[in-house]
Amino acid sequence: MRALLSGYYGKGNGGDEALLATLLQMLPSHVTPVVLSGNPEETRDRYNVETYNRMAIVPVLQALRSCDALIWGGGSLIQDVTSTISPLYYGGLMTLAQTMNLKTIAWAQGIGPLVRPQTRWLAKRNFAGCTKVSVRDRASAALLSDWQIPHIIAPDPVWALQGKPVPELQDLPTPRVAVTLRSHPQLTPTRLANLTKALVDFQKATQAFILLLPFQKSEDLGIAQAIQPQLADVSQILCLEDPQLLRGVYRGVEMTIGMRLHSLIMAAAEGCRCFALSYDPKVNRLMEDLAIPGWDLEDLPDDANLISKTWLEYYANGEPLPPEKIQSLVDKALMHRELLSEALS
């Protein structure tokens, strides 16, 4: 059996690459993956899979015709807030696959926000036509329940991703604190300046080594480069392309300050304390589910001293997730694997 995997792959986003790596780990052994990617050569070389350019119409159609199934491969693909094109692209692909009578699977989806009636209608139609559907959060499950579409809910599959140790960490001082910020309209120059000052004060108080971890170079690296000179001898920018290494880096980290959803999931899964800076409902949902402290960026205190004191208090007194809670989340995340086995049998 051949399955076409469609997601935000090959675009340099660590979270989406982690979803792809996990999906490839979870596919049944009799299924040959074919991946649509923004960088087909890189994806082919990293994962040793057949790939096609996700935006090349003729190759995509040929790939669809050669496959028995289409899998929407995880994450916030079906939302129209950051992109109006995204739900139309993925929805159009799913419509084509369903018209061609392929098995169709919506895997580990985080649905919404959907603010436009036309994208909402298309999403409802696509999900209703799927062979199997799994979602990663309660809000997505509630939407599908409203639409009377059968589904399962399980934690994000990246909880179950196999990490790899990062050799470069051995030469870096301890303790370590990881920071992942991304460019976003809510991260204004004033807020970034306050966060940077707070981070400098926090570092002086803790004597921690700061690891600046860009999850997507195009969105994160510039911010890391703006912060790093303020922490010249006590920080390092670490760019890791392999999602298993990106997960593994948190094994050597005491605390994480993160905007990106998967920076928080990977860190929490490795027993690291997490402090969230939310720019998106999906981050808020994780904060609620795991009782992760943090702020919405829009509510970030104006006082850098208050920010650093809050971080210091959490660094001193905060607790990581207990091992039994982590194991429970990993076990539940494997429900996404069971769904694939059932759908592709």
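All values derive from a computational prediction rather than experimental measurement.
Side-chain atoms of Val200 and Ile227, non-hydrogen and from C-beta on, never get closer than 4.5 Å to each other. Contact of the Gln109 side chain with the Ile78 side chain is registered, since non-hydrogen atoms from C-beta on lie closer than 4.5 Å.
Checked against the 6.0 Å centroid criterion, the rings of Phe202 and Tyr315 qualify as a close aromatic pair.
At distances below 3.5 Å, not a single donor-acceptor pair connects side-chain atoms of Thr256 with backbone N or O atoms of Gly258.
Contact check on Arg44 versus Glu50 returns no salt bridge, with no Lys/Arg side-chain nitrogen under 4.0 Å from an Asp/Glu carboxylate oxygen. With respect to Glu319 and Arg273, no salt bridge is recorded, no charged nitrogen being found less than 4.0 Å from a carboxylate O. The residues Arg2 and Asp68 are annotated as not salt-bridged, no charged nitrogen and carboxylate oxygen being separated by less than 4.0 angstrom. Using a 4.0 Å cut-off between charged nitrogen and carboxylate oxygen, Asp201 and Lys197 count as a salt-bridge pair. A salt bridge links Asp220 to Arg260: one of the charged nitrogens lies within less than 4.0 Å of a carboxylate oxygen.
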message: With side chain to side chain contact (heavy atoms under 4.5 Å, CB included) as the criterion, how do Trp311 and Leu199 come out once you've worked through the C-alpha distance, each side chain's angles and the decisive distance to 0.1 Å?
response: CA-CA 9 Å; Trp311 287 344; Leu199 196 57; 4.0 Å; yes
- request: Let me see the working for Met259 and Leu187 under side chain to side chain contact (heavy atoms under 4.5 Å, CB included), right down to the final yes or no.
  value: CA-CA 10 Å; Met259 276 178 71; Leu187 187 61; 4.1 Å; yes
task: Evaluate the criterion side chain to side chain contact (heavy atoms under 4.5 Å, CB included) for residue pair Ser263 and Tyr250; output intermediate values, then yes/no.
output: CA-CA 9 Å; Ser263 72; Tyr250 291 102; 3.5 Å; yes
message: Applying side chain to side chain contact (heavy atoms under 4.5 Å, CB included) to Leu290 and Leu264, what does each step give before you reach the verdict?
response: CA-CA 10 Å; Leu290 301 183; Leu264 297 166; over 6 Å; no
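Here Thr188 contributes atom OG1 and Leu192 contributes atom CG; the two are 8.0 Å apart, rounded to the nearest 0.5 Å. Interatomic distance, Asp80 CG to Arg116 CZ, rounded to the nearest 0.5 Å: 5.0 Å. Atom SG of Cys272 sits about 10.0 Å away from atom CG of Leu321, to the nearest 0.5 Å. Atoms CD and OG, from Glu42 and Ser37 in turn, are 7.0 Å apart once rounded to the nearest 0.5 Å. Interatomic distance, Ile105 CD1 to Leu5 CG, rounded to the nearest 0.5 Å: 9.5 Å. Between the CD1 atom in Ile71 and the CG atom in Leu339 there is a gap of 9.5 Å [rounded to 0.5 Å].
Pairs engaging residues 15-28 under the salt bridge (Lys or Arg N to Asp or Glu O under 4.0 Å) rule: Glu17-Arg46 [sequence neighbours left out].
Heavy atoms of other residues, nucleotides or ligands lying less than 6.0 angstrom from CZ of Arg337 number 12 at most. Shown here is Glu41, whose CD atom has more than 12 heavy atoms of other residues, nucleotides or ligands within 6.0 Å. The local environment of CG in Asp233 is sparse, with at most 12 non-hydrogen atoms from other residues, nucleotides or ligands closer than 6.0 Å.
With 3.5 Å as the limit, one finds no donor-acceptor pair spanning the side chains of Asn305 and Ser308. Checking His262 against Asp156 by side-chain atom types alone, a donor-acceptor pair falls below 3.5 Å. Side-chain contact annotation: Asp296 with Asn284, donor-acceptor N/O pair under 3.5 Å present. Side-chain polar atoms of Gln228 and Ser235 form a donor-acceptor pair below 3.5 angstrom.
Phe127 and Trp147 have tilted rings, their planes meeting at an angle from 30° to 60° on a 0 to 90° scale.
Looking at residues two or more places apart in sequence or on another chain, you find no salt bridge (charged side-chain N to carboxylate O under 4.0 Å, His left out) involving Arg54. Taking the side chain to side chain donor-acceptor pair (under 3.5 Å) definition, one finds that Asp303 meets it with nothing, sequence neighbours left out. For the side-chain contact (heavy atoms from CB on, under 4.5 Å) test, residues two or more places apart in sequence or in another chain that qualify with Leu246 are Phe215, Leu240, Met266. For Lys11, the side-chain contact (heavy atoms from CB on, under 4.5 Å) partners at least two apart in sequence or on another chain are Tyr8. Evaluation of the salt bridge (charged side-chain N to carboxylate O under 4.0 Å, His left out) rule for Arg120 yields no partner, not counting sequence neighbours. Under the rule for a side-chain contact (heavy atoms from CB on, under 4.5 Å), the partners of Ser145 that lie at least two apart in sequence or sit in another chain are His151. Looking at residues two or more places apart in sequence or on another chain, you find a salt bridge (charged side-chain N to carboxylate O under 4.0 Å, His left out) between Glu288 and Arg138. Residues satisfying the side-chain contact (heavy atoms from CB on, under 4.5 Å) criterion with Pro322, sequence neighbours excluded, are Glu324, Lys325. Residues that satisfy the side chain to side chain donor-acceptor pair (under 3.5 Å) test with Asp45, not counting sequence neighbours, are absent from this structure.
By the criterion of side-chain heavy atoms lying less than 4.5 angstrom apart, applied directly or through intervening Ile, Leu, Val, Met, Phe, Trp or Tyr residues, Leu122 is not grouped with Leu144; the two fall into different hydrophobic clusters. The hydrophobic clustering, which links ILVMFWY residues whose side-chain heavy atoms are closer than 4.5 Å, places Leu77 and Leu286 apart. Following chains of ILVMFWY side-chain contacts shorter than 4.5 Å, one cannot reach Leu4 starting from Leu340, and the two form parts of different hydrophobic clusters. Hydrophobic clustering (side-chain heavy atoms under 4.5 Å, transitive across Ile, Leu, Val, Met, Phe, Trp, Tyr) keeps Ile153 apart from Trp159.
Put simply, the residue from Leu181, Thr196, Val179 that forms a side chain to side chain contact (heavy atoms under 4.5 Å, CB included) with Ile223 is Leu181.
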Under 3.5 Å, which donor-acceptor pairs link side chains of residues 22-35 to any protein atom two or more places apart or in another chain?
| residue | atom | partner | partner atom | Å |
| --- | --- | --- | --- | --- |
| Thr22 | OG1 | Ala18 | O | 2.7 |
| His30 | NE2 | Leu344 | O | 2.8 |

Which atom pairs, one a donor and one an acceptor, fall under 3.5 Å between side chains of residues 165-178 and the rest of the protein, sequence neighbours left out?
| residue | atom | partner | partner atom | Å |
| --- | --- | --- | --- | --- |
| Arg176 | NE | Pro173 | O | 3.1 |
| Arg176 | NH1 | Gly252 | O | 2.9 |
| Arg176 | NH2 | Leu169 | O | 2.8 |
| Arg176 | NH2 | Leu172 | O | 3.0 |

